[in-house]
Colleague: 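Mind having a look at this structure? Questions to follow.
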There are 2 protein chains.
Amino acid sequence: MTGAVLERKSGVALWRQIADLIRSDIATGVAGQDGRLPPEMELAKRYSVNRHTVRSAIAALEQEGVLRSEQGRGTFVRRRKRLSYPIAKRTRFSAGLGNQAGSTLTRLLESMEESASQTVADNLGVPAGDPVIRLDTVSEADGLPVSRATSWFDASRFAGIDEAFGEHASITKALSACGVTDYVRKSTTIEARHASADDIRLLRLSAGAIVLVTRAVNTDSDGNPIQYAESRFAADRVELKIESD
Amino acid sequence: MTGAVLERKSGVALWRQIADLIRSDIATGVAGQDGRLPPEMELAKRYSVNRHTVRSAIAALEQEGVLRSEQGRGTFVRRRKRLSYPIAKRTRFSAGLGNQAGSTLTRLLESMEESASQTVADNLGVPAGDPVIRLDTVSEADGLPVSRATSWFDASRFAGIDEAFGEHASITKALSACGVTDYVRKSTTIEARHASADDIRLLRLSAGAIVLVTRAVNTDSDGNPIQYAESRFAADRVELKIESD
DNA sequence: CAAATTTGTCTATTGTTATAGACAACCAAA
DNA sequence: TTTGGTTGTCTATAACAATAGACAAATTTG
């Protein structure tokens, strides 16, 4: 809102920096409260750039589906607030976002059996090289991708979980079909990085976007690890909320 | 590691994308395990770009202190792994990083009394406009900035906490001097965004870097809010780790 | 309807980014 | 000391990013 200072010759084009600022201001409610963006000339003045540079930023956000421009009328906001994804002992995708989004959906991209890498083995508590089942999924809220995840399960205990997921389209239900009626989250690490080419494709992001990466271990009620998952959230569309108990 | 696909005309210069990839690969241990980077020609081949483009990326990382090039010998890694910052009920900066870093330090940038914004008021449980004390701090580990934070306290209850912080250089000790012997974290939200100009300056980042933004409320043992804090972590240097209990 | 406001399109110029090739400077090892 | 591998510097050219100005096209307001 203030005379935000943009970085020149930083390797990040001004139009992209401005697009990121506007997207963020919309997500936090700083801008677009009335449903419309200020005129291009005003934005150009605010950021001390040429009107054409602002137009490039708006064009990018229009491509993303955040804005919509109409000749003679103005530029309008199409999507507003960020979703808040809760991380707690009992974290489940649809339940957590249920009250914020109209519809939620988790799609299976791929499932396969592979041998456990060192990281996966450590987190699942099995020897490295043991067979594990990997599920690649994408979760959407209101038709827009919110996160993608890769989950690993011990193949000896969870044989057939891929098919169970195919039937129920839900990790919770698939686990239930495998005899796990309850599970809790043991630990989560969070980092942030620029989206990879895969992230951009699968989450329908723009280049230069940011993803929040979480790595989590879920355990059954006896404390045995049952699932290790690496998730990537579109940082524009979601924030993570940790509730202590 | 693989033939990572770079995005052209994305508003993010190729040299910056490559710098981000290399930095990330070093942080995760994918690259530079032997302490040195592959030759420039090899990297140029891997990313399918000109050698000069790779050189720009390396120059940026050299400026950041991540790499060091020596003519005739090669390019070497100066900093390796990311710190892991724990978020739990009892989160304290120096205690959490103590075992990972040699020295930790929190410096006071500014302190002032102001009237509570709506957000601050909501989180501290005081009426909007009430006087609050704001502390702006930067925390360092081994001489490198890790995070910056803005904290707010109810001025009526914590008068003089700015001076107490000046004496002890620790939030925990300053609170203790104000009669709060224990406090717990009630909630934390996490988001990720590109670093602002201020972030870049105070955390000594490069343009286009990512920050993890956390907003947390700490309460005393009776459950009364005592501190609301907005922190920004350099995503290259730290990950957040949430332990369920 | 006329005027004011706003987005859309076009031309032109300058600075930054990326590519290409050549060679110098330096280091380590044969 | 010679050779091969590596980083450092220079020149030149093409593609992209940013600035500047002008005017068209569409909408709203008076």
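By convention in this document, chain letters (A, B, ...) are assigned in the order of the sequence lines, proteins followed by strands, and residues within each chain are numbered from 1.
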Colleague: Taking only residues two or more places apart in sequence or in another chain, which ones pass side-chain hydrogen bond (donor to acceptor under 3.5 Å, both in side chains) with Asn123(B)?
Modeller: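 Once residues adjacent in sequence are excluded, Asn123(B) has no partner under the side-chain hydrogen bond (donor to acceptor under 3.5 Å, both in side chains) criterion.
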Colleague: What is the distance, to the nearest angstrom, from the OH atom on Tyr47(B) to the P atom on dT19(C)?
Modeller: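 One finds 14 Å between P of dT19(C) and OH of Tyr47(B), rounded.
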Colleague: Without decimals, in angstroms, what is the distance between Met41(A) CE and dA4(C) C1'?
Modeller: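 Rounding to the nearest Å, CE of Met41(A) and C1' of dA4(C) are 14 Å apart.
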Colleague: Evaluate Glu70(A) against Arg68(A) for salt bridge (Lys or Arg N to Asp or Glu O under 4.0 Å), listing each step before the verdict.
Modeller: CA-CA 7 Å; Glu70(A) 290 178 31; Arg68(A) 184 186 66 251; 3.1 Å; yes
Colleague: Would you mind reading off the distance between Leu67(A) atom CG and dT7(C) atom P, rounded to a whole angstrom?
Modeller: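 Computing the Leu67(A):CG to dT7(C):P distance gives 11 Å.
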Colleague: May I ask you to evaluate whether Thr53(A) reaches the phosphate of dT19(D), defined as a side-chain N or O under 4.0 Å from OP1 or OP2?
Modeller: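 Looking at the OP1 and OP2 atoms of dT19(D), one of them is under 4.0 Å from a side-chain N or O of Thr53(A).
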Colleague: Could you pull out all residues at least two apart from Glu40(B) that satisfy salt bridge (Lys or Arg N to Asp or Glu O under 4.0 Å)?
Modeller: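 Salt bridge (Lys or Arg N to Asp or Glu O under 4.0 Å) list for Glu40(B), sorted by chain: Arg51(B), Arg55(B).
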Colleague: Roughly how many Å is it from CD in Glu42(A) to P in dA4(C), rounded to a whole number?
Modeller: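 Distance check: Glu42(A) CD to dA4(C) P gives 19 Å.
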Colleague: Just jot down the side-chain contact (heavy atoms from CB on, under 4.5 Å) partners of Ala60(A), sequence neighbours excluded, or say none.
Modeller: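 Per chain and number, Ala60(A) pairs via side-chain contact (heavy atoms from CB on, under 4.5 Å) with Trp15(A).
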Colleague: Which residues satisfy the side-chain contact (heavy atoms from CB on, under 4.5 Å) test with Ser231(A), sequence neighbours excluded?
Modeller: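 Counting only residues at least two positions away or on another chain, Ser231(A) forms a side-chain contact (heavy atoms from CB on, under 4.5 Å) with Ala149(A), Thr214(A), Phe233(A).
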Colleague: Provide, to the nearest angstrom, the distance between the CD atom belonging to Glu62(B) and the P atom belonging to dG8(D).
Modeller: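 Taking atom P of dG8(D) as the reference, CD of Glu62(B) is at 7 Å.
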Colleague: Rounded to whole angstrom units, what separation is found between the CD1 atom of Ile58(B) and the P atom of dT7(D)?
Modeller: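 Going from Ile58(B) (CD1) to dT7(D) (P), I get 7 Å.
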Colleague: When Watson-Crick pairs (N1 to N3 and N6-O4 or O6-N4) and G-U wobble pairs (N1-O2 and O6-N3) count only below 3.5 Å on both distances, what is the dot-bracket string of DNA chain D, with | for other-strand pairs?
Modeller: ||||||||||||||||||||||||||||||
Colleague: Would you please name every residue forming a side-chain hydrogen bond (donor to acceptor under 3.5 Å, both in side chains) with Asp122(A), sequence neighbours left out?
Modeller: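 Checked Asp122(A) against side-chain hydrogen bond (donor to acceptor under 3.5 Å, both in side chains); matches are Gln118(A).
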Colleague: Whole-Å distance between dT13(D) C1' and Asn50(B) CG?
Modeller: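 Taking atom C1' of dT13(D) as the reference, CG of Asn50(B) is at 12 Å.
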Colleague: Return the value, rounded to whole Å, for the distance between atom CZ of Arg68(B) and atom C1' of dG8(D).
Modeller: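 Distance check: Arg68(B) CZ to dG8(D) C1' gives 17 Å.
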Colleague: In chain order, what residues pass the side-chain hydrogen bond (donor to acceptor under 3.5 Å, both in side chains) check against Arg201(B), with sequence neighbours excluded?
Modeller: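 side-chain hydrogen bond (donor to acceptor under 3.5 Å, both in side chains) list for Arg201(B), sorted by chain: Asp198(B).
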Colleague: All N/O contacts under 3.5 Å from nucleotides 28-30 of chain C to the protein, with atom names and distances to one decimal?
Modeller:
residue: dA28(C); atom: OP1; partner: Arg73(B); partner atom: NH1; Å: 3.1

Colleague: Does dT7(D) have OP1 or OP2 under 4.0 Å away from a side-chain N or O of Thr75(B)?
Modeller: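 Yes, such a contact exists.
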Colleague: Please identify each residue that fulfils salt bridge (Lys or Arg N to Asp or Glu O under 4.0 Å) with Arg134(A), with sequence neighbours left out.
Modeller: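 By the salt bridge (Lys or Arg N to Asp or Glu O under 4.0 Å) rule, Arg134(A) matches Glu110(A), Glu114(A), Asp136(A).
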Colleague: Between Glu62(B) and Arg78(B), does the salt bridge (Lys or Arg N to Asp or Glu O under 4.0 Å) criterion hold? Intermediate values first, please.
Modeller: CA-CA 9 Å; Glu62(B) 217 170 345; Arg78(B) 291 183 64 179; over 6 Å; no
Colleague: Find every protein N or O atom lying less than 3.5 Å from an N or O atom of nucleotides 9-17 of chain C, and list the pairs.
Modeller:
residue: dC10(C); atom: N4; partner: His52(A); partner atom: NE2; Å: 3.4

Colleague: Tyr228(A): what forms a ring pair (Phe, Tyr, Trp, His ring centres under 6.0 Å) with it, not counting sequence neighbours?
Modeller: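 Tyr228(A) satisfies ring pair (Phe, Tyr, Trp, His ring centres under 6.0 Å) with Trp152(A) once adjacent residues are dropped.
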Colleague: Can you sort out the partners of Glu42(A) under side-chain hydrogen bond (donor to acceptor under 3.5 Å, both in side chains), two or more places apart, ordered by chain and number?
Modeller: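 Result, side-chain hydrogen bond (donor to acceptor under 3.5 Å, both in side chains) vs Glu42(A): none returned.
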